[in-house]
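Not measured: the values here are computed from a predicted model. Positions are given from 1 along the sequence.
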Amino acid sequence: MINNDFRPQTVFLKTMLDRGYIHQCTDLAALDLTLSQGVSAAYIGFDCTATSLHVGSLVQIMMLRHLQKSGHKPIVLMGGGTSRIGDPTGRDDSRKMLSDDDINRNMAGIRTVFEKYLTFGNGPTDAIMVNNADWLDPLKYVEFLRDMGIHFTINRMLSFDSVKLRLEREQPMTFLEFNYMILQAYDYLELGRAYGCALQMGGSDQWGNIINGVELNRRVDAREVFGLTTPLVTLASGQKMGKSMSGAVWLNDNKLSSYDFWQFWRNTADADVGKFLRLFTELPLAEIARLEALEGQEINQAKKILADEATILCHGRPAAKAARDTARLAFEKKSLSADLPTVTIALDDLKKGIAVPDLYVISGLTQSKGEARRLIKQGGGRLNDQKILDSDRVITPAQLTPENTIKLSAGKKKHILIRPIS
């Protein structure tokens, strides 16, 4: 656990602590010293199990973004090799086996997510994306186990939660999955050798796997490297982050629209607003403190700002503005309809058909059919917010909205709801 009295000197670790990203670290003071000595590389691994990541991965993505903004080099490790096995962490069943084509397609989709948050290139702090299949595929497995397997004891491996969970529930764990932790530790060794990577980050459920990699670097190459994990992020309801009532909250707009993404954040529970502003936006902490202190209806303003800022990062400013404008119009339309005066008519009469001028007179919006016709001719007549072009139009139940009403308007300010009754 983290010593609350420790105050780091480096921008990255200060940001991580102040915004609530850190749960565990192997040696925070030593890591702070390492980061202070120049550009350091750090990585997080992602398996290629879908064509996009969802918001459950957003904490890790934001950590890599903060790392780059503070002058260090992010490495996005794609598990092109380990995705053929599947990470058993947190699961009591085996993952579906993926083909190479599935993995490559998923990897391409995931890269588009990272291109929104990170700057890729060849510079010292530019992000790179690497694929662990590049070094796992050529391994001579028996020689690999001889050289690396001696650093892992079965006793230790059986103590990991990912293994204990399967054993306790009497669910099978294949020998292939059992090897996953060795291969993940080997990733860290390879990244240390190739890029001087000194830090692996991940969720708190990855702590055991990260420690394996830290120890393997020390035992094989006598290198001091570090591990850092984030706390488990859940909604105030206790639901796992990454899901909404309608399913996964994806980060690619071909799987979830920017409007629905905006709405997910807008619907944040009051108790989560401050935490999410710190984790998922780059607003100054002083501004976040002001926003999370709002109460009553005013907290909705903070939720809109959260939705705006999170959507800007993921989908861009124009998409965030469009989503907010669409939400505002939908809300205003709903509020307006809820407060409108209502006139009832017989459902049988509507089934026979009612001419539009008659409906205007019935509703009280005009005093006569002639007045209704003039209104329509001048462009002031609307039915369900659509301009009426034909004054002889006949209205039937086909024009009922899902709320079982018909909205009739005269100009911009006079509106009536027509509700049929049987």
Side-chain angles (χ1 to χ4, degrees), residues 244-247 249-250 252-267 297 300-301 303-305 307-308 311-312 315-422:
S244 71
M245 293 298 289
S246 57
V249 183
W250 298 104
N252 278 353
D253 55 12
N254 64 338
K255 292 180 73 71
L256 184 79
S257 71
S258 54
Y259 174 75
D260 289 331
F261 185 80
W262 191 93
Q263 283 287 2
F264 169 77
W265 299 105
R266 170 62 182 85
N267 293 330
Q297 289 298 315
N300 289 321
Q301 184 60 30
K303 295 179 184 181
K304 292 175 185 176
I305 291 172
D308 285 348
T311 306
I312 287 170
H315 295 289
R317 193 172 296 276
K321 182 180 184 302
R324 182 167 184 164
D325 289 345
T326 300
R328 176 178 56 80
L329 290 172
F331 176 78
E332 288 177 353
K333 186 175 179 180
K334 180 178 178 181
S335 298
L336 180 65
S337 297
D339 295 334
L340 289 181
T342 301
V343 171
T344 59
I345 59 173
L347 178 59
D348 287 343
D349 290 341
L350 186 61
K351 288 179 178 178
K352 295 174 185 176
I354 302 175
V356 165
D358 291 325
L359 200 58
Y360 267 98
V361 173
I362 292 170
S363 70
L365 286 174
T366 64
Q367 297 300 310
S368 66
K369 297 180 185 179
E371 182 184 349
R373 292 181 186 278
R374 288 191 296 273
L375 174 73
I376 294 168
K377 185 177 181 180
Q378 294 166 3
R382 289 183 177 271
L383 183 77
N384 293 333
D385 295 317
Q386 299 295 314
K387 185 179 290 186
I388 302 171
L389 301 177
D390 181 7
S391 61
D392 292 323
R393 181 178 179 181
V394 174
I395 307 305
T396 69
Q399 280 71 54
L400 287 169
T401 68
E403 292 75 29
N404 198 43
T405 61
I406 295 170
K407 181 181 176 183
L408 200 62
S409 304
K412 295 181 179 180
K413 296 184 178 180
K414 296 172 66 178
H415 312 278
I416 289 286
L417 288 184
I418 310 294
R419 189 182 303 278
I421 56 174
S422 46

Gap separating the CD1 atom of I416 from the OG1 atom of T342, nearest 0.5 angstrom: 7.5 Å
Set of side chain to side chain contact (heavy atoms under 4.5 Å, CB included) partners for S368, sequence neighbours left out: E371
A327 versus W262, closest heavy-atom pair with distance: CB-CZ3, 3.5 Å
Minimum side-chain heavy-atom gap I345-L350 below 4.5 Å: yes
T405 vs L400 side-chain heavy atoms within contact, under 4.5 Å: no
Pairwise distance CG(L256) to NE2(H315) - rounded to 0.5 angstrom: 6.5 Å
Spatial distance of atom CG (N300) from atom CG (N267) [nearest 0.5 Å]: 10.0 Å
Interatomic spacing from OG in S257 to CH2 in W250 - rounded to 0.5 Å: 14.5 Å
Spacing of I395 atom CD1 and L408 atom CG [to the nearest 0.5 Å]: 8.0 Å
Donor-acceptor under 3.5 Å (Y259 side chain, A319 main chain): no
Minimum heavy-atom distance between A323 and S258, given as atom pair plus value: CB-O, 4.0 Å
For A307 against T311, the heavy-atom pair lying closest together: O-OG1, 2.6 Å
Which residues share a salt bridge (charged side-chain N to carboxylate O under 4.0 Å, His left out) with K387, sequence neighbours left out: none
Distance in Å, N404 CG paired with L417 CG, rounded so as to fall on 0.5 Å steps: 11.0 Å
Selection residues 344-359 - residue pairs positive for salt bridge (Lys or Arg N to Asp or Glu O under 4.0 Å), sequence neighbours left out: D358-K369
Listed partners of D308 passing salt bridge (charged side-chain N to carboxylate O under 4.0 Å, His left out), at least two apart: R324
Taking every non-hydrogen atom, the tightest pair across T366 and A372: OG1-CB, 3.7 Å
side-chain hydrogen bond (donor to acceptor under 3.5 Å, both in side chains) partners for D390, two or more places apart: none
Partner residues of T396 under the side-chain hydrogen bond (donor to acceptor under 3.5 Å, both in side chains) criterion, sequence neighbours left out: Q399
Where F261 and V249 come nearest, the two heavy atoms and their spacing: CD1-CG1, 3.9 Å
Stepwise side-chain contact (heavy atoms from CB on, under 4.5 Å) test for V356 and I376: CA-CA 9 Å; V356 165; I376 294 168; 3.5 Å; yes
Which atom of D385 lies closest to which atom of R382, heavy atoms considered: O-NH1, 3.3 Å
